[in-house]
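Position 1 is the first residue of the sequence, and the numbers go up from there.
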Amino acid sequence: MSMLRVEGVVKEYPLRRGVFGGTSGTMRAVDGVSLEIPEGATFGLVGESGCGKSTLSRMVLGLERPTGGRIEAAGRDPQTLDRGALKAWRRDVQIIAQDPAGALPVRMRAARLVEEPWRIHRITPEGGRAVRALDLLRRVGLNERHGRAFPHQLSGGQRQRVVIARALALQPRLVVCDEPVSALDVSVQAQVLDLLRELQAESGLTYLFISHDLGVVRSMAAEIGVMFAGRIVEQGPARELYARPAHPYTRELLDAMPSIRAAGRPRRTAAPPAA
């Protein structure tokens, strides 16, 4: 069963002339992207900033409407849902954002932040919100002391664990991980990635894992898509894509990873990426 199916999705934005001018054409941020993620699997989407990864993630989350194509996530197309059905659907599709500091309101304690999805959806979990929030914090490696803290009193890794606990509160089926470790130190990155893998094994979560770092994506995903200028220019099993990259842009990404070069992969000269 597919948890996420993206079929020929296009997203265009109008180009405007000056402050008061009309439109002068369109800019295509996502250009005919297709991908599919089986239930319980991880698909890695990698590419540099501006290639269209985050635009695609916003459409998967139902925050933006595609100009063309179709997206089906957790069994539903969010663009076909009315307001009530869309709110219910959002329980199945959650996000782990890039910047944990920016994702957490500064005036709320960590435990209250984990409770917030239940308040929004008017849910009282078994045992009560406070007890279940503490259970979730423990599940991601935190404790009651962390639950009483404000975001600024936590480290970057601890804040990201709070973000993960909040994303899990509604027991989602699909989680969009949008650069979930890019704001963290390398040593903390490994801990958070291990946590994401453990949670997936425990709960059967499906991940769309987005990053600019092919090394990080390779450690998480069995299948990888390489995105450039709004298109997926190469896609395949992580092991094969890493060993035999076919597209010049993929080779450039591999050569740009210091950790990969350090592991013994020789640096090579590649032609500029195709447009």
Side-chain angles (χ1 to χ4, degrees), residues 4-37 43-74 76-81 83 86 89-90 93-99 102-103 174-183 207-214 216-217 221 223-236 241 245-257 270-275:
L4 176 64
R5 183 180 290 112
V6 177
E7 299 175 348
V9 166
V10 173
K11 180 62 179 180
E12 295 178 340
Y13 295 99
L15 295 175
R16 302 189 180 279
R17 294 191 299 265
V19 178
F20 302 106
T23 60
S24 60
T26 59
M27 185 274 292
R28 185 164 288 195
V30 176
D31 189 4
V33 167
S34 297
L35 61 89
E36 188 169 352
I37 311 179
F43 184 94
L45 189 63
V46 65
E48 62 190 357
S49 298
C51 72
K53 306 187 307 295
S54 293
T55 300
L56 180 63
S57 74
R58 289 195 295 271
M59 290 189 286
V60 169
L61 292 162
L63 302 176
E64 293 201 30
R65 181 180 293 273
T67 307
R70 185 171 182 270
I71 294 175
E72 185 178 285
R76 306 292 295 274
D77 179 350
Q79 303 304 325
T80 67
L81 304 178
R83 186 173 180 178
L86 183 63
W89 172 84
R90 291 195 190 283
V93 184
Q94 290 290 306
I95 182 172
I96 298 173
Q98 174 178 0
D99 178 13
L174 171 65
V175 180
V176 177
C177 304
D178 190 0
E179 300 274 9
V181 297
S182 64
Y207 291 147
L208 173 60
F209 193 96
I210 297 171
S211 178
H212 66 278
D213 188 332
L214 191 50
V216 169
V217 171
E223 185 86 4
I224 295 177
V226 178
M227 198 165 182
F228 175 74
R231 301 178 182 180
I232 292 183
V233 295
E234 185 168 359
Q235 180 177 331
L241 188 143
H247 195 276
Y249 180 62
T250 308
R251 294 195 292 269
E252 285 294 313
L253 285 177
L254 285 168
D255 287 336
M257 298 297 121

Original post:
To the nearest 0.5 Å, how far apart are CG in D178 and CZ in R58?
Top reply: 8.5 Å

Subject >> Side-chain donor or acceptor of R90 paired with backbone N/O of L61 under 3.5 Å >> reply: yes

Original post:
Do H212 and E48 come within less than 4.5 Å of each other through their side chains, counting heavy atoms only?
Top reply: no

**OP:** Give the C-alpha distance, both sets of side-chain angles, the deciding distance and a yes or no for side-chain contact (heavy atoms from CB on, under 4.5 Å) between V217 and I210.
**Re:** CA-CA 7 Å; V217 171; I210 297 171; over 6 Å; no

Original post:
Distance from L35 atom CG to E7 atom CD, nearest 0.5 Å?
Top reply: 10.0 Å

**OP:** Could you tell me whether R65 atom CZ has more than 12 heavy atoms of other residues or ligands within 6.0 Å of it?
**Re:** no

Original post:
Nearest 0.5 Å, what's the CD-CE distance between Q79 and M59?
Top reply: 9.5 Å

**OP:** Give the minimum heavy-atom separation between S54 and S57, together with the two atoms involved.
**Re:** O-OG, 2.7 Å

Original post:
Would a distance-only check, ignoring hydrogens and angles, find a side-chain to backbone donor-acceptor pair under 3.5 Å from R251 to A246?
Top reply: yes

**OP:** Kindly compute the distance separating CG (D31) from SG (C51), expressed to the nearest 0.5 Å.
**Re:** 12.5 Å

Original post:
Which value, rounded to the nearest 0.5 Å, describes the distance between D213 atom CG and S182 atom OG?
Top reply: 9.5 Å

Subject >> K53 side chain vs G47 backbone, donor-acceptor pair below 3.5 Å >> reply: yes

Original post:
What's the shortest heavy-atom distance between I224 and F43, and which atoms?
Top reply: C-CZ, 4.1 Å

Original post:
Which distance, rounded to the nearest 0.5 Å, do you find between the OG1 of T26 and the NZ of K11?
Top reply: 11.5 Å

**OP:** In sequence, state the C-alpha distance, the side-chain angles, and the governing distance for V226 and Y249, and then conclude on side-chain contact (heavy atoms from CB on, under 4.5 Å).
**Re:** CA-CA 8 Å; V226 178; Y249 180 62; 3.6 Å; yes

**OP:** Grab the two heavy atoms, one from L81 and one from R76, that are nearest each other, plus how far apart they are.
**Re:** CD2-NH2, 2.8 Å

**OP:** Check whether any side-chain N or O of S211 sits under 3.5 Å from a backbone N or O of V46 as a donor-acceptor pair, and report yes or no.
**Re:** no

Original post:
Hey, is the main chain of A74 close enough, under 3.5 Å, to the side chain of W89 for a donor-acceptor pair?
Top reply: no

Original post:
Closest heavy-atom contact between V30 and R28?
Top reply: O-CG, 3.3 Å

Original post:
Between I232 and S34, is any pair of side-chain heavy atoms under 4.5 Å apart?
Top reply: no

Original post:
Is a side-chain donor or acceptor of T250 paired with a backbone partner of P245 at a separation under 3.5 angstrom?
Top reply: no

Original post:
Under 3.5 Å, is there a donor-acceptor pair between the side chain of Q98 and the main chain of A183?
Top reply: no

**OP:** With the side chain counted from C-beta on, respond yes when V93 and L4 share a heavy-atom pair under 4.5 Å apart, and no when they do not.
**Re:** no

